[in-house]
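In what follows, a single structure is set out as C-alpha cells and then discussed.
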Amino acid sequence: MRAPANMAALTGALIARGDAYLALPAYGAEGAEWAQAALARLLLSNARLKLVFAALPFAPPAFLALLAGEDRPAILQRIVRNPATSGATLLRLARQMDDAETRKALAAHAHTPAVALIGLAMHADAAVRAALLRNAGTPAVALHALLDHADAAERAALARHPQADADLLRTLLAGGDAVVRAEAVAHPHCPLTQVADACVDADAAIRRRAASNPVLPPSLRQALMGDPDPAVRAEALRLHAEGQEPALTDDGDVRVRRAQARHVALPEDLAEALSRDGDVWVRVWLARNPALPAGLIQQLGGDAEARVRHAAGRNPACPADVLATLARDGDEWVRAAVACRPDLPVEALRALEQEDAVDVASAVARNPQARDAALRRLTRHGQADVRRAVALNPDAPATALRLLLDDPYPLNRAFAVRHPNLPVADAWGSADDDAPQVRFAVGKRAVTHAAAAGRAARRHLETFPQP
Amino acid sequence: MSGILILAEHRRGTLRDATLEAIGAAGTLKAALGGPVTVLVIAADPAPLVAAVSVGAVDEVITVARPDAATYEPHVYEAVLRAVIAQRSPSLVLMPHSVDSFSLAPAVAIGEGLGFATDVFGVAVEDGQVVATRAGYNEKVFVEIDFPGRSGVLLTLRGGAFAPETAAASPTVSALDAGAGAARSKHLDWRDPPASGGIDIPGSPFILSIGRGVGDEANVAQFLELAEGLGATLGCSRPIADNGWLPKARQVGQSGQLAAKCNLYIAMGISGSVQHQWGMKHVENIVAINKDPEASIFTIARYGIVGDMLEIAEELRKQKGIQ
Amino acid sequence: MKILVPVKRVASLDDEFELNDDGRDVDPDFCEFDLNEFDEYALEAAVQIKEAAPEGSVEVVVLTIGPDDADDVLRKALAKGADRAIRVDDAGLEEADRVAIARVIAKVAENEEPGLVLCGAQSADQGNAQTGMSVAALLGWARTAVVSKLDFTPGAATAQVERELEGGLVERIEVETPAVLTIQLGINTPRYASLRSIKQANAKPIECLTPHDVGLADAEIGGAGALSRVRRVFVPERGRGEIIAGTPSQQVARLLEIISEVNG
Ligand SMILES: Cc1cc2nc3c(=O)[nH]c(=O)nc-3n(C[C@H](O)[C@H](O)[C@H](O)COP(=O)(O)OP(=O)(O)OC[C@H]3O[C@@H](n4cnc5c(N)ncnc54)[C@H](O)[C@@H]3O)c2cc1C
C-alpha cells in the first residue's frame with residue numbers, strides 16, 4: 001500500500017477511506033482545494049467530532065474557519081479558545097457573538113487582531129480587562145484606554161505589560177504607589193532618567209526592580225553592585241551586560257554568591273573561590289556555568305555532592321575526559337546527565353548503551369550518536385518513556401522507527417510516524433491504526449509530503465518552461 | 001419505619017473517625033427523620049468501643065459480640081446488620097464510604113430492599129423522603145438521587161464531608177445476639193505500608209511540582225534549590241522526566257507517583273492533564289501557578305496564581321532569602 | 001474453568017459540556033469513551049491466571065452492558081487477552097442504577113458458571129464502587145473488595161488475596177471460591193495490546209444478548225430492578241478557589257502565608 005504521492009490522489013484516497021482523523025490535515029492544504037467540499041462533508045459528519053476538532057490545537061486553521069460556520073454555541077466557544085484559530089476567524093466570531101465568555105476569550109487570544117483588542121478595551125468588564133492585561137499582544141493604545149478606570153492591581157499589571165510605552169509608564173510612575181513604581185522601573189521602555197532615580201531610591205524593593213531592568217546602562221548596574229542590600233546586588237548581577245565585565249568581588253552574602261556563580265564574566269580567582277564554597281547551590285550554579293575554565297569544571301565533576309557532578313555533566317563546556325569520567329559515576333542521575341550528550345566520547349557512550357536504568361536509558365535513546373543497534377534494542381525497553389525517547393532522537397534510523405510503529409503505546413507510534421527519518425511509505429502503512437492520534441499523524445505526514453512534492457514539481461516547471 | 005442506624009467501623013481496636021462523621025450527619029438529620037439514632041458495634045469484644053461511639057445525637061448503642069468478628073468480615077457483618085435492620089426498620093442506615101463498606105453495603109441494601117447510594121456528601125430530607133447528593137463524571141457534576149418507593153435508605157458517606165461529632169453523650173447500651181451467618185473469608189495478617197527512602201513523592205507532605213512551563217533545562221536547578229529552601233519535595237509532570245531534566249522518581253501522575261501523603265501541592269507551569277491529576281487531585285491544598293488562566297489545573301486548585309512561574313519563583317527566593 | 005470479567009465503557013467529560021434536556025445526565029456528545037481503567041487491571045489479573053494455568057484450561061470471558069458503540073471496549077479487552085466477549089444491549093436499561101446493572105451481570109454469571117468473577121474496584125467516571133459487590137450479593141457468593149494482590153490456582157477451594165485499606169494498610173486474607181473480587185489499580189501492570197492482537201480482536205465475534213435473553217424478568221430490568229433514581233444532575237457552583245491577585249511580590253507574600261498556615 002503506497003502513499004499517494006500527489007495531492008489530488010492523496011485527497012481522493014483520504015476521502016475514500018472515510019476516516020475524519022486521517023483526512024483532517026488535508027483540509028485547506030495546497031493542492032487539495034478541489035476536494036474541499038467532500039472533505040468538509042466527511043469532517044463535519046459527526047456531532048462529537050465537531051466538538052473535538054473545534055478544540056484541537058493542531059486542527060488546520062482553514063478547517064476551524066469552516067467550523068466557525070456551525071450554529072452550536074459550544075463549538076464556537078471552543079474555536080474562540082483554540083490557539084490555532086486565525087485572526088480572521090476570530091474577527092468573524094467577534095462580530096457574531098457578544099457574550100461575556102467570548103469577549104474574555106477574544107481578549108486573551110494571541111491571534112486577535114489589534115483593532116479588535118482596542119475595541120474590547122473600550123467597554124471592558126473586569127474579566128476582559130484582566131485578559132487584555134495578560135495578552136502580550138494588546139497594543140499600547142488599548143492599554144491607554146484601560147488606564148482610566150484602572151485599580152491598583154491593574155495599574156501594576158499595566159506597568160508590567162510588554163507593550164507599555166514610555167508615556168504610559170511616565171503617567172503610572174507619577175501617580176503610582178510603590179508597587180506600581182517598582183514594576184515600571186523594571187520595564188525596558190521606562191524613561192532612563194526615571195530608572196536612574198530609582199537606583200538611588202530609599203526603598204530597596206524599588207532599587208531591586210530597577211536592577212532587573214534589562215536595558216539598565218552599565219554604569220548604573222555597576223553602582224547597584226555596590227548596593228548595601230544583598231538582594232539588590234544579586235539582582236544587578238543576574239543580567240549579563242555584554243562586553244561589560246563588572247568588577248566582581250567576594251561577597252559575604254550567599255544570595256550574591258549564588259548569583260555570581262551563574263555569571264558568565266566571572267574572574268578566575270573568584271570562580272576558584274566559589275568552587276570551594278560551602279553552599280552546595282553555589283557549586284551547582286558554578287558547575288553549570290558555561291564560561292567556567294575546564295580545570296574547575298573537572299574539579300566540580302569530582303564534587304562529593306551528586307547534584308554538583310550532575311550540573312558539571314550538563315555544562316556545555318564540560319571537557320570530554322570529564323564527561324567520560326562522569327559516565328562511570330556511581331550515581332545513576334549523574335550518568336544520565338552525560339548519556340544524552342552528542343559530545344560524549346564514543347567508548348563511554350557504548351558502555352552506557354548497555355544500561356537499562358530508566359533515566360540513563362532514555363538519555364541514551366535521545367543521543368544522536370547512539371548506535372542503531374542500541375536504539376533498536378531500546379525500542380523494546382519495558383518503559384514506554386524510554387521507547388518514546390528513541391522517536392524523539394533526531395537521528396533515529398528508520399530501522400528503529402519501524403519497530404516503534406508496533407509499539408503498544410499510541411503516543412509512541414504517533415511520534416514514530418512524525419519522524420522525518422521514517423519513510424512516508426512506512427508511515428502510510430499505519431493509516432488504519434487503532435488510535436485517532438496516530439491516524440492524524442499519518443494524514444499529516446502524507447499531506448506534508450504530497451505538498452512538498454507538488455511544490456518541487458512546480459519549481460521544476462518554472463525552471464524549465466514548457467515551449 | 002423510623003430512626004437512623006449507624007454501623008461503627010473500627011480496625012485493630014480503634015474506632016475510625018469516619019464513624020464520628022456519620023454520627024455528625026445523623027445529628028443534623030434526626031429532627032427531620034424522627035426516631036432514635038442508634039449505633040451498631042460488631043466486634044469480638046465490643047465493650048471497649050462503646051465509649052468512643054457514645055457521642056452527639058446517639059440515643060442507643062447496640063453491641064453484638066461474635067468471635068468470628070475479631071476482624072471485619074463482610075459475610076458476618078452482613079448477617080448481623082441485616083438482622084438488626086429487619087428488627088428495627090430504620091428509615092436511614094449510614095456507614096462510611098470505606099473499603100470495608102464496599103463489600104458490605106450492596107449486599108445489605110439488596111438483601112433488605114433499601115434505597116441505596118454511595119460516596120454521598122449531601123443528605124437532605126424532603127417531604128419525609130431522603131435525597132442524596134454525590135458527584136459524577138470525575139467530580140465535574142453533582143448528582144441528586146432519590147429513592148422512590150423505598151421506605152428505608154442505606155447511604156455510604158464520603159470522608160470529610162460531614163463534621164465529626166465528639167461531644168460525649170450517654171446513650172443506652174444493649175447487647176444483642178444477632179444474626180446467623182458464617183465467615184467465608186479468613187484473616188491472615190496485617191501489613192503496614194512500607195517506609196520510603198530517597199526521593200519520596202508518595203511520602204512527602206509538601207510537594208512543589210514543575211511542568212513544561214519551566215521552559216528550559218537551565219531553569220530546573222533553581223527549582224530544586226527553591227524546593228529545598230521551602231522544605232518541599234520537588235515533583236514534576238511527565239514531560240520534565242521524559243526530557244531527562246529530572247529523574248523519573250519525581251514524576252507525579254498516572255505513570256509516575258501518587259502524592260499519597262501530600263497536604264500541600266504547589267503546581268507550577270503544569271496544565272493539569274487528567275494523568276497528572278491522577279497523582280495529586282486528592283490533595284487538600286493545591287496551589288496552581290500558571291500563566292494561562294484557562295488551564296484546567298485551576299479547576300482543582302484551592303488557590304490560584306495567574307502568572308509567570310519563573311517570576312513567582314524568583315520572588316519566592318527573594319522573600320524567603322534563598323537568594 | 002471460566003473467569004468472568006465484567007467491563008464498563010466509561011465516559012470522561014470535556015472541560016466544558018452541556019446537560020441533556022431532561023437535566024438528568026450529560027449530553028454524550030461531550031463525552032470521550034474508553035474502557036474503565038480499573039477493569040483493565042481486573043482483566044490483566046484474569047489473563048495472568050489463565051497464562052499460569054495449563055493451556056486451554058481457563059477461559060476469560062468479558063461482558064459489558066451498553067449500546068453497540070460499547071463493542072469498542074470489548075474489542076480492546078479481546079486484544080488484551082480475553083477469549084470471548086458478550087454484550088448485553090442496554091435498550092430498556094435507561095433507568096438502571098448499578099444494582100440493576102449487577103442483576104444483568106449476575107444472570108450472565110449464572111449462565112456461564114465461572115469459577116471467579118473479577119471486576120474493577122469502581123468505575124473511573126461515577127465511582128460508585130457498587131457493581132462488583134452487588135453481583136456477589138445477587139449470586140450469594142463469597143466476596144472481597146479492593147484486592148491488591150491475588151493468588152489463585154484454578155480449581156482451588158480458596159484464593160489468597162490482599163485487600164488494600166485506607167492509608168496503605170494491607171490485610172492478607174483467604175477467601176472461599178467461587179468468589180467475586182473487585183480489583184484495585186496497581187495490582188499488576190496491564191499489558192498494552194499489540195497492533196496485531198488488535199486486528200485479530202476486530203475479527204472476533206461478539207455475542208449480543210438482551211436482558212430478557214439472559215433470563216431476567218421484567219420486574220428486575222432497568223428502573224424496576226434499581227434501588228435508586230437520578231433526579232437531577234447539575235454543575236456545582238465551584239468558585240475556582242481563591243485567585244491570588246496582585247503583583248508577583250504581593251502574590252508571593254500571600255503564598256508564603258498559605259505555606260506557613262498549612263504546614264503549621
Ligand atoms: C498513558 C499516559 C500516562 C501519563 N502519565 C502522566 C503522569 O504520570 N504524569 C504527568 O504529569 N503526565 C502524564 N501524562 C502526560 C499528560 O497527558 C500531559 O501531557 C502532561 O501532564 C503535561 O505536562 P505539563 O502540564 O507539564 O505540560 P503542558 O500540558 O504543556 O502544560 C504546561 C503548562 O505550563 C503553562 N506555562 C507555560 N509557561 C509558563 C510560565 N512561564 N509560567 C507559568 N505557567 C506557564 C502553560 O500555560 C501550560 O498550562 C500521561 C499521558 C498518558 C497518555
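By convention in this document, chain letters (A, B, ...) are assigned in the order of the sequence lines, proteins followed by strands, and residues within each chain are numbered from 1.
In terms of heavy-atom pairs under 4.5 Å with chain C, the best-connected choice from B:Leu230, B:Val131, B:Thr133, B:Ile300 is B:Val131. For chain C, the option among B:Ser98, B:Pro205, B:Ala135 with the highest count of heavy-atom pairs below 4.5 Å is B:Ser98. Among C:Val161, C:Val175, C:Val252, the residue making the largest number of heavy-atom pairs under 4.5 Å with chain B is C:Val252. Between chain B and the residues C:Arg229, C:Glu37, C:Glu162, C:Arg163, the largest count of heavy-atom pairs under 4.5 Å involves C:Arg229. Counting heavy-atom pairs under 4.5 Å between each of B:Gly159, B:Ser103, B:Ala288, B:Gly307 and chain C puts B:Ser103 at the top. Your options are C:Val146, C:Leu19, C:Asn263, and the one with the most heavy-atom pairs under 4.5 Å with chain B is C:Asn263. Taking C:Ala145, C:Ser249, C:Ala121 one by one and counting their heavy-atom pairs under 4.5 Å with chain B, the maximum is reached by C:Ser249. In terms of non-hydrogen atom pairs under 4.5 Å with chain C, the most contact-rich of B:Glu73, B:Glu311, B:Glu315, B:Glu284 is B:Glu315. Of the residues considered (B:Ser101, B:Ala183, B:Ala105, B:Gly136), B:Gly136 shows the highest number of contacts with chain C, using heavy-atom pairs under 4.5 Å. Interface summary for chain B: among C:Arg254, C:Met133, C:Arg231, C:Gln122, the most heavy-atom pairs under 4.5 angstrom belong to C:Arg231.
In this structure, the separation between CG on C:Leu165 and CZ on B:Arg11 is 4.0 Å, given to the nearest 0.5 Å. Atom CD1 of residue C:Ile258 and atom OH of residue B:Tyr303 lie 5.0 Å apart, to the nearest 0.5 angstrom. Atom CD of C:Gln160 is separated from atom CG of B:Leu188 by 5.5 Å, given to the nearest 0.5 angstrom. Rounding to the nearest 0.5 angstrom, the gap separating the CD1 atom in B:Ile305 from the CD atom in C:Glu242 is 9.5 Å. Interatomic distance, CG of C:Leu227 versus CZ of B:Arg150, reported as 5.0 Å (0.5 Å rounding). B:Ile312 CD1 to C:Leu255 CG: the interatomic distance, rounded to the nearest 0.5 Å, is 7.5 Å.
With a threshold of 4.5 angstrom between heavy atoms, B:Leu154 does not approach chain C through any atom at all. With a threshold of 4.5 angstrom between heavy atoms, B:Pro148 approaches chain C through side-chain atoms but not through N, CA, C or O. With a 4.5 angstrom heavy-atom cutoff, C:Ile259 touches chain B via backbone and side-chain atoms both. Heavy atoms closer than 4.5 Å to chain C are found in the side chain of B:Val287, but not in its backbone. For B:Asp308, no part lies under 4.5 angstrom from a heavy atom of chain C. For chain B, the nearby part of C:Val99 is the side chain; its heavy atoms alone come within less than 4.5 Å. Within the 4.5 angstrom heavy-atom criterion, no atom of B:Ala132 approaches chain C. Contacts between B:Asp146 and chain C at a heavy-atom distance below 4.5 Å involve backbone atoms as well as side-chain atoms. Residue C:Ala253 touches chain B through both its backbone and its side chain, counting heavy-atom pairs closer than 4.5 Å. Interface residue C:Ser228: backbone and side-chain heavy atoms are both found under 4.5 Å from chain B. Contacts between B:Ala232 and chain C at a heavy-atom distance below 4.5 Å are absent for every atom of the residue. Looking at C:Arg98, neither its backbone nor its side chain comes within 4.5 Å of chain B, counting heavy atoms on both sides. Neither the backbone nor the side chain of B:Thr156 comes within less than 4.5 Å of any heavy atom in chain C. No part of B:Val153 comes within reach of chain C, as not one of its non-hydrogen atoms sits under 4.5 angstrom from that chain.
Nearest heavy-atom pair across B:His97 and C:Ala129 is CE1-CB, 4.3 Å. Of all the heavy atoms in C:Gly140 and B:Arg184, the pair that sits closest is O-NH1, 2.9 Å. In terms of heavy-atom proximity, C:Glu171 sits nearest to B:Trp190 at CB-CZ3, 3.6 Å. Closest approach of C:Ile173 and B:His187 over heavy atoms only: CG2-CA, 3.9 Å.
In this structure C:Glu174 satisfies the salt bridge (charged side-chain N to carboxylate O under 4.0 Å, His left out) test together with B:Lys186, sequence neighbours excluded.
Environment of CG in B:Asp189: crowded, with over 12 heavy atoms of neighbouring residues, nucleotides or ligands closer than 6.0 Å. Crowding of C:Asn20 atom CG: a count of heavy atoms from other residues, nucleotides or ligands under 6.0 Å exceeding 12.
For the pair B:Val141 and C:Asp25, the minimum side-chain heavy-atom distance is 4.5 Å or more. Using a 4.5 Å cut-off on side-chain heavy atoms (C-beta onward), B:Glu78 and C:Arg143 make contact.
Under 4.0 Å is where a charged nitrogen must lie from a carboxylate oxygen, and between B:Lys140 and C:Asp125 no such pair does.
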Distance-only check: which donor-acceptor pairs under 3.5 Å involve side-chain atoms of residues 107-120 of chain B, not counting sequence neighbours?
unit_1, atom_1, unit_2, atom_2, d
B:Glu112, OE2, B:Arg82, NE, 2.7
B:Glu112, OE2, B:Arg82, NH2, 3.3
B:Thr118, OG1, C:Asn128, O, 2.8
B:Thr118, OG1, C:Asn128, OD1, 3.4
B:Thr118, OG1, C:Gln130, NE2, 3.0
B:Asp119, OD1, B:Arg158, NE, 3.0
B:Asp119, OD2, B:Arg158, NH2, 3.1

